[in-house]
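Encoded as structure tokens, the structure appears first; notes follow it.
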Protein chains: 2
Amino acid sequence: MESRKASKLFEALSSDVRLDVFRLLVRNAPDGLVAGDVARLLDIPATNLSFHLKALTQSGLVTAEREGRFIRYKASIPLMLDVIAYLTSECCSGNPECCRKFREQSSVDPRFLPTR
Amino acid sequence: MESRKASKLFEALSSDVRLDVFRLLVRNAPDGLVAGDVARLLDIPATNLSFHLKALTQSGLVTAEREGRFIRYKASIPLMLDVIAYLTSECCSGNPECCRKFREQSSVDPRFLPTR
DNA sequence: GGGACAGTTCAATAAAACTTGAAATATGTC
DNA sequence: GACATATTTCAAGTTTTATTGAACTGTCCC
């Protein structure tokens, strides 16, 4: 991944609304949700949600497909994983011992962290 | 982590310049670099770099400490890992089999991915 | 076709972020 | 103290983003 692409992905996640939407879609992977469900669950006006869904979709982090009258949105988990790897893959210039120490300082379940 | 905090962290990574700076500091963990080194390595005017270093520092993703005439900046790897976990921890509502399939679709080294 | 529903686009405004040069602050050296 | 170096702060202009209501498009069902 290149830097400009990655920064666009982070930009897509840089608003409260979009991050909440994306996490909701991640939680509801792999099926996703239709726009109206997202609006109801997060209590976002349709117009504003549409603006943010468009931004997420253009970034590639979310996909959209029509389903009758509805449009179903899904999180692109593989792209999410790619951008995570972009952030971490050169940590400590690849020194695994250095990274291990950092992981131990994190407060989260190690299952949700890269192993290196 | 709460949503507003996480979106602020992604905002910190949402500019080309800041993402390049942050990744440079991650690569140079745990020692970090002084501002002038960052400016030279990435060819960024001092004024602009200072603006972005301030944003990164205020987000918490980067720490700063004076070292004589210099100021040394370091990436906060534990916070980076926390925000990664925030993004991934509720994936597929915790269904490990579902997440495993997604990991397999990713094009990156699995060592850089969460195991769940 | 007409009406209801789902969702988007448009226009306007308000708010925030980016970049740059000039000036200022802090530190070290002579 | 005077000067050079490292970095930041300030001010100004430009650009980008967020939010909202009104109008529009697409789909379903009668």
Side-chain angles (χ1 to χ4, degrees), chain A residues 2-25 28 31-75, chain B residues 2-25 28 31-75:
Chain A
E2 37 174 345
S3 171
R4 284 185 195 167
K5 170 70 174 172
S7 66
K8 289 291 179 196
L9 296 179
F10 289 122
E11 187 186 331
L13 299 174
S14 71
S15 105
D16 279 15
V17 174
R18 286 195 297 271
L19 184 56
D20 288 346
V21 169
F22 183 70
R23 289 231 315 158
L24 182 62
L25 295 177
N28 285 275
D31 295 341
L33 296 170
V34 299
D37 289 342
V38 176
R40 272 182 290 280
L41 288 166
L42 298 181
D43 192 28
I44 302 169
T47 297
N48 196 20
L49 176 60
S50 190
F51 171 83
H52 289 296
L53 280 173
K54 185 178 180 182
L56 281 166
T57 303
Q58 286 177 342
S59 79
L61 278 172
V62 162
T63 62
E65 49 186 318
R66 185 167 280 279
E67 211 171 68
R69 283 198 285 187
F70 305 88
I71 298 184
R72 177 165 297 269
Y73 289 90
K74 300 179 185 178
Chain B
E2 39 175 343
S3 171
R4 284 187 194 165
K5 170 70 174 171
S7 66
K8 289 290 178 196
L9 296 179
F10 289 123
E11 186 185 331
L13 299 173
S14 71
S15 104
D16 278 14
V17 174
R18 286 194 298 271
L19 183 56
D20 288 346
V21 169
F22 183 70
R23 288 231 316 158
L24 181 62
L25 294 177
N28 285 276
D31 294 341
L33 296 170
V34 300
D37 288 343
V38 176
R40 271 182 290 281
L41 287 166
L42 298 180
D43 193 28
I44 302 169
T47 297
N48 196 20
L49 176 61
S50 189
F51 171 82
H52 289 296
L53 280 172
K54 185 178 180 182
L56 281 167
T57 303
Q58 285 177 342
S59 80
L61 278 173
V62 161
T63 62
E65 48 186 319
R66 186 166 279 279
E67 211 171 68
R69 284 197 285 184
F70 305 86
I71 298 183
R72 179 166 295 270
Y73 289 91
K74 300 179 184 178

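Excluded from the calculations below are hydrogen atoms, water molecules and symmetry mates; all remaining heavy atoms, backbone and side chain alike, are included. Letters go in sequence order (proteins before strands), and every chain restarts at 1.
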(request) Please list residues of residues 60-70 of chain A whose heavy atoms come under 4.0 Å from any atom in DNA chain C, ordered by number; otherwise none. (result)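 Contacting residues: A:Arg69, A:Phe70.
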Whole-Å distance separating the [atom1] atom of [X] from the [atom2] atom of [N]:
| X | N | atom1 | atom2 | result |
| --- | --- | --- | --- | --- |
| A:Leu49 | D:dA18 | CG | C1' | 13 Å |
| A:Leu19 | D:dA18 | CG | C1' | 16 Å |
| B:Ile44 | D:dA6 | CD1 | C1' | 16 Å |
| A:Leu33 | C:dA6 | CG | C1' | 15 Å |
| A:Arg72 | C:dA6 | CZ | C1' | 14 Å |
| A:Arg40 | C:dC5 | CZ | P | 12 Å |
| B:Gln58 | D:dT9 | CD | C1' | 13 Å |

(request) Answer yes or no: is there a side-chain heavy-atom contact under 4.5 Å between B:Leu33 and B:Leu41? (result) yes
Residues two or more places apart in sequence or in another chain: which of them pass side-chain hydrogen bond (donor to acceptor under 3.5 Å, both in side chains) with [X]?
| X | answer |
| --- | --- |
| B:Arg72 | B:Glu67 |
| B:Arg4 | A:Asp16 |
| A:Asp20 | B:Ser3 |

(message) To check you understand the geometry: which heavy-atom pair defines the closest contact between B:Leu13 and B:Leu19, and what is its length?
(response)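 Result for this residue pair: O-CB, 3.8 Å.
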(request) Compare side-chain N and O positions of B:Tyr73 against OP1 and OP2 of D:dA6 and report whether any pair is under 4.0 Å apart. (result) no
(request) Just jot down the ring pair (Phe, Tyr, Trp, His ring centres under 6.0 Å) partners of B:Phe10, sequence neighbours excluded, or say none. (result)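 Scan of B:Phe10 (ring pair (Phe, Tyr, Trp, His ring centres under 6.0 Å), adjacent residues dropped) gives A:Phe10.
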(request) Would you mind listing every side chain to side chain donor-acceptor pair (under 3.5 Å) that reaches into residues 53-65 of chain B, with sequence neighbours excluded? (result)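 The answer is B:Glu65-B:Lys74.
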(request) Among residues two or more places apart or on two chains, list those pairs meeting salt bridge (Lys or Arg N to Asp or Glu O under 4.0 Å) that have a residue in residues 38-51 of chain B. (result) B:Asp37-B:Arg40
(message) B:Ala35: which residues meet the side chain to side chain contact (heavy atoms under 4.5 Å, CB included) condition with it, sequence neighbours left out?
(response) B:Leu53, B:Tyr73
(request) For nucleotides 9-20 of chain C, just jot down a letter per nucleotide in 5' to 3' order: B, S or -, based on protein non-hydrogen atoms under 4.0 Å. (result) B-------SBBB
